[in-house]
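Take a look at the structure set out below.
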Amino acid sequence: MKSLRTVFLAALALPLVLAAKPLRIGFAQTGAESAWRTANSESMKSEATKRGIELKFSDAQGKQENQIRAVRSFITQGVDAIVIAPIVETGWDPVLREAKRAKIPVILTDRNIATADESLFACFIGSDFYEEGRMAADWLAKHTGGKGSIVELQGTPGSAPANERRKAFADALKNYPDLKIIDSQSGNFERSGGKQVMEAFLKKHGKAIQIVYAHNDDMALGAAQAIEEAGLKPGKDIVIVSIDAICEAVKAVADGRLNCTVECNPLFGPKVYDTVAKILAGESVPKKAFNKDELFDATNAATALPTRQY
Ligand code: GZL
């Protein structure tokens, strides 16, 4: 029979053992469609490992139904918090109501949602996509003297970044009547999508195309490849402006193959876990926390390159 002393010591240690239980966080990631996404997933995974967090990572492979299924699974597992990078803006209320009933806080990262009930999530952490679209248009107007025919490569249909980057760019162009979007189509944030859509645009519009506005760098780099295969010089014969500022794009800007990329920083794993800790400790957090984004063009890309982290 165990001595009373052993039982007493075990009882004393119990709270310490319980307190040391690792935080369990479910993360419903959109997929692996771009270099940005890969860097974002890496930031979330490596920071969780560093902090001893048990991260249950789900890759939805670009399908909202997979994300919703993952969230339901996290609820069933009774995780401490749920993080979602919502692939599209709508269709979230039912599963978020289930998380709320289970008293599991939901943190939206990267992309926001459209809901009438903002109590369904604790907060949003990501970039201001509208500002990114505005910065891209503002740079283009200055670079082209407010003149030119634009083809637009849109991101994933229905996603917050595609919706906001498109709206912001169109709103800004209202001030520049000689900057016109002559065609627009989704390449789904993928390099192959950007290349295929650009090949179609070149066939349809030929030399009328003077500018490409891509909602992300992967599509811009795909478009640059299509432009080269058509015997033209990307960055010279056709101006290319995009968003994300992944290393490869910043290098392409330094090399003159792209002309401008607006940063959309994906490395916010630390910020997400700091926020989760505050929420679980009952502290209030801002409903929206925007990451800081800057812009790279021929004036600063080469000097920025050595310190780029994604
Ligand atoms: C933006 C993010 C977008 C990136 C793309 O925060 O949602 O999705 O701009 C990524 O590269 O695929």
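Numbers for residues simply follow the sequence, beginning at 1. Whatever order the structure lists them in is the order used to number ligands and atoms, beginning at 1.
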Proximity flag Pro161 to ligand 1, non-hydrogen atoms under 4.0 Å
yes
Is the backbone N or O of Glu118 less than 3.5 Å from a side-chain atom of Lys287, with the two atoms forming a donor-acceptor pair by type?
yes
Heavy-atom contacts with Glu33 under 4.0 Å: which atoms of ligand 1 show up? List them by number with element.
8 (O), 10 (C), 12 (O)
Which word best sums up how the rings of Phe290 and Phe124 line up, parallel for under 30°, tilted for 30 to 60°, or perpendicular for over 60°?
perpendicular
Asn259 vs Asp297, test: side chain to side chain contact (heavy atoms under 4.5 Å, CB included). Steps then yes/no.
CA-CA 6 Å; Asn259 300 91; Asp297 63 8; over 6 Å; no
Under 4.0 Å from a heavy atom of Phe129: which atoms of ligand 1 are those, numbered in the order shown and with their elements?
1 (C), 6 (O)
For Tyr176 and Asp138, indicate whether the former's side chain and the latter's backbone hold a donor-acceptor pair under 3.5 Å.
no
Number the atoms of ligand 1 from 1 as they appear, then name those within less than 4.0 Å of a heavy atom of Ser34, with their elements.
5 (C), 10 (C), 11 (O), 12 (O)
For the pair Phe27 and Phe57, name the ring-plane relationship: parallel under 30°, tilted 30 to 60°, perpendicular over 60°.
perpendicular
From the options Glu164, Arg111, Met219, His215, select the one whose nearest heavy atom is closest to atom 3 (C) of ligand 1.
Arg111
Can you sort out which atoms of ligand 1 are near Asn216, meaning under 4.0 Å from one of its heavy atoms?
5 (C), 9 (O), 11 (O)
Which of the listed options, Asn291, Asp110, Asp244, holds the heavy atom that is closest to atom 5 (C) of ligand 1?
Asp244
What are the atoms of ligand 1, with element, lying closer than 4.0 Å to any heavy atom of Cys264?
1 (C), 6 (O)
Neighbour count above 12 (heavy atom, 6.0 Å) for Gln309 CD
no
Check this for me - ligand 1, Trp36, N or O atoms closer than 3.5 angstrom, yes or no?
no
Go through the side-chain N and O atoms of Thr38 and Glu42 and say whether any donor and acceptor fall under 3.5 Å apart.
no
